[in-house]
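Data block below; observations after.
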Amino acid sequence: FMNGELTPYMKSEPVPEDNNGPVKIVVGANFDEIVNDPSKDVLLEFYAPWCGHCKSLAPKYDELGEKLKDDPNVVIAKIDATANDYPSIYSVRGYPTIFWKPAGK
């Protein structure tokens, strides 16, 4: 630990091998890479797999991803907030929770 050789523990599902769909899958290990990309506007849904409201939102969220998939400046993404760690600045108190992170912020 003192030598800086240990990495902090982070709860994370495996990074998806293929993440080229219209809605990007965010996990703890790729959160910074996808959400904090300074060149992209990011709409991020925090969801729980068992949440009824999340299940109701899913088709519309996927439709939004399809409509914006060709915009190189916008990322539509989602994270299973029950299975992945994420920065505490995202105050998630219920599901679904959606945050807009503008480019450069």
Cluster check Y86, V42: I/L/V/M/F/W/Y, side chain < 4.5 angstrom
yes

Assess, by modelled atom type and distance only, whether the side chains of N36 and D32 contain a donor and an acceptor separated by less than 3.5 Å.
yes

Side-chain contact, heavy-atom cut-off 4.5 Å: Y95 with T82?
yes

Taking the side chain as every heavy atom from C-beta outward, state whether V75 and I34 have any pair of such atoms under 4.5 Å apart.
yes

Hydrophobic cluster membership, W100 vs I98, 4.5 Å side-chain cutoff:
yes

Less than 3.5 Å apart, which donor and acceptor atoms pair up between the side chains of residues 44-54 and the rest of the protein, not counting sequence neighbours?
none

Any N84 side-chain heavy atom under 4.5 Å of F31 side chain
no

Minimum heavy-atom distance K11-A83, with the two atoms named
CG-O, 3.5 Å

Taken to the nearest 0.5 Å, the spacing of E63 CD from L68 CG works out to 10.5 Å

Rounded to the nearest 0.5 Å, how far apart are CG of D37 and NZ of K101?
7.0 Å

Closest heavy-atom contact between I76 and G65?
CG1-CA, 4.0 Å

Quick check on K67: does its NZ atom have over 12 non-hydrogen neighbours (other residues, nucleotides or ligands) under 6.0 Å away?
no

How far does CD1 of I25 sit from CD of E13, to the nearest 0.5 angstrom?
9.0 Å

Counting C-beta onward and ignoring hydrogens, is there a side-chain heavy-atom pair between L43 and V74 closer than 4.5 Å?
no

Nearest heavy-atom approach of V26 to A77 is CG2-CB, 3.7 Å

Heavy atoms, side chains only, cut-off 4.5 Å: are I79 and V35 in contact?
no

Do L57 and Y90 sit in one hydrophobic cluster, given that two such residues count as connected whenever their side-chain heavy atoms are within less than 4.5 Å of each other, even indirectly?
no

Shortest non-hydrogen contact from N30 toward P16:
ND2-CD, 4.1 Å

For G28 and M10, work out which heavy atoms get closest and say how close.
O-SD, 2.9 Å

Separation between CG (N73) and NZ (K40), nearest 0.5 Å, reads 6.0 Å

Quick one: pull up CG in D85 and OG in S12 and give me the separation to the nearest 0.5 Å.
8.0 Å

Nearest heavy-atom neighbours spanning R93 and S91
NE-OG, 3.4 Å

